[in-house]
Amino acid sequence: MKKTNIHKLVFAAVLVALAVVGSLISFPIGASKCAPVQHLVNIIGAVFLGPAWAVGVGFTAALLRNLLGLGSLLAFPGSMVGAFVAGMLYKYIKKLPAAYVGTSVLGGLLAYPVARFLVGAPAAAITVYILPFFVSCAGGTVLAIVIVTALKKAKVFDNFLGFSKEVRA
């Protein structure tokens with residue numbers, strides 16, 4: 001049990017580092033900084049670690065990204081909610097497309113209240129923050145599909161983190 005938790009902690013730390021370093025590969029659209037690697041990390045964390053760990057990874061990465069000036073306030077609801085929803089959908093449905101939809105669609109929609117608070121006007125929140133957020137989510141989701149599919153074909157999922165669980169497409 002302790003060995004598995006240490007493995008999860010180390011893997012979570014690697015995912016946080018990947019999200020923070022991956023934020024250097026971001027592009028501005030409107031007032032949003034689109035960082036597709038964060039969405040990739042959300043999906044990988046949700047699938048391999050589960051919803052609770054994925055939320056922890058999302059929060060830690062969002063905090064570090066904001067402290068380093070690499071993210072916006074949308075990094076918090078986007079990464080945490082996206083990771084949680086992706087993790088819960090994958091946990092109960094056991095299909096990868098459920099995780100993809102969780103972070104890309106629902107995470108973006110739930111970032112709307114923060115965007116509305118930052119901008120003030122509903123239409124501006126959608127055009128300045130939410131639409132670019134969906135672009136970022138789509139990019140990260142495509143990256144996740146490619147990487148997770150490759151890992152599955154390479155049988156990396158077999159006995160990962162001390163579990164013998166199969167990741168289902």
Side-chain angles (χ1 to χ4, degrees), residues 1-23 25-26 33-68 70-114 133-152 156-169:
M1 183 68 177
K2 283 184 181 180
K3 188 174 182 180
T4 299
N5 285 338
I6 290 172
H7 288 156
K8 282 185 172 186
L9 184 62
V10 169
F11 187 63
V14 168
L15 290 177
V16 168
L18 178 63
V20 172
V21 172
S23 293
I25 306 168
S26 68
K33 288 183 182 179
C34 298
V37 175
Q38 179 65 58
H39 305 287
L40 163 69
V41 166
N42 288 348
I43 292 169
I44 291 175
V47 169
F48 284 119
L49 299 173
W53 282 89
V55 169
V57 168
F59 173 78
T60 307
L63 181 63
L64 290 172
R65 288 174 56 212
N66 274 277
L67 289 174
L68 295 171
L70 299 172
S72 69
L73 289 178
L74 291 179
F76 286 101
S79 62
M80 292 169 42
V81 171
F84 177 74
V85 173
M88 292 302 285
L89 288 174
Y90 182 75
K91 180 178 180 177
Y92 291 107
I93 296 175
K94 299 287 188 209
K95 300 283 183 185
L96 288 172
Y100 303 147
V101 169
T103 191
S104 62
V105 176
L106 299 174
L109 290 175
L110 292 171
Y112 174 77
V114 174
F133 190 88
F134 282 130
V135 170
S136 180
C137 288
T141 301
V142 169
L143 284 172
I145 291 169
V146 169
I147 290 172
V148 171
T149 302
L151 291 173
K152 182 180 177 191
V156 172
F157 293 112
D158 297 348
N159 204 19
F160 185 77
L161 292 175
F163 302 111
S164 183
K165 72 176 185 177
E166 177 185 339
V167 175
R168 298 179 193 115

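Not measured: the values here are computed from a predicted model.
The minimum heavy-atom distance linking Ala86 with Ala99 is given by the pair CB-O, 3.3 Å. Closest approach of Ser23 and Leu70 over heavy atoms only: CB-CB, 3.8 Å. Between Ala54 and Ala46, the shortest heavy-atom contact is CB-N, 3.7 Å. Scanning both residues, Val55 and Ala83, for their nearest heavy atoms gives N-CB, 4.1 Å. Scanning both residues, Val37 and Leu18, for their nearest heavy atoms gives CG1-O, 3.6 Å. The shortest heavy-atom contact between Ala19 and Arg65 is O-CD, 4.0 Å.
With values rounded to the nearest 0.5 angstrom, Phe84 atom CZ is found 13.0 Å from Asn42 atom CG. The structure places CD1 of Ile25 at 13.0 Å from CD of Gln38, a figure rounded to the nearest 0.5 Å. Separating the NZ atom in Lys94 from the CG atom in Leu89 is a distance of 12.0 Å, to the nearest 0.5 Å. Going from atom NE2 of His7 over to atom CG of Leu49 covers 12.5 Å, rounded to the nearest 0.5 Å. Taking CD1 from Ile145 and CD1 from Ile43, the interatomic distance works out to 7.0 Å, rounded to the nearest 0.5 Å. How far CG of Leu40 is from CG of Leu15: 8.5 Å, rounded to the nearest 0.5 Å.
Ring geometry for Phe48 versus Phe11: interplanar angle over 60°, hence perpendicular rather than tilted (30 to 60°).
Looking only at side-chain heavy atoms (C-beta outward), Trp53 and Leu9 come within less than 4.5 Å of each other.
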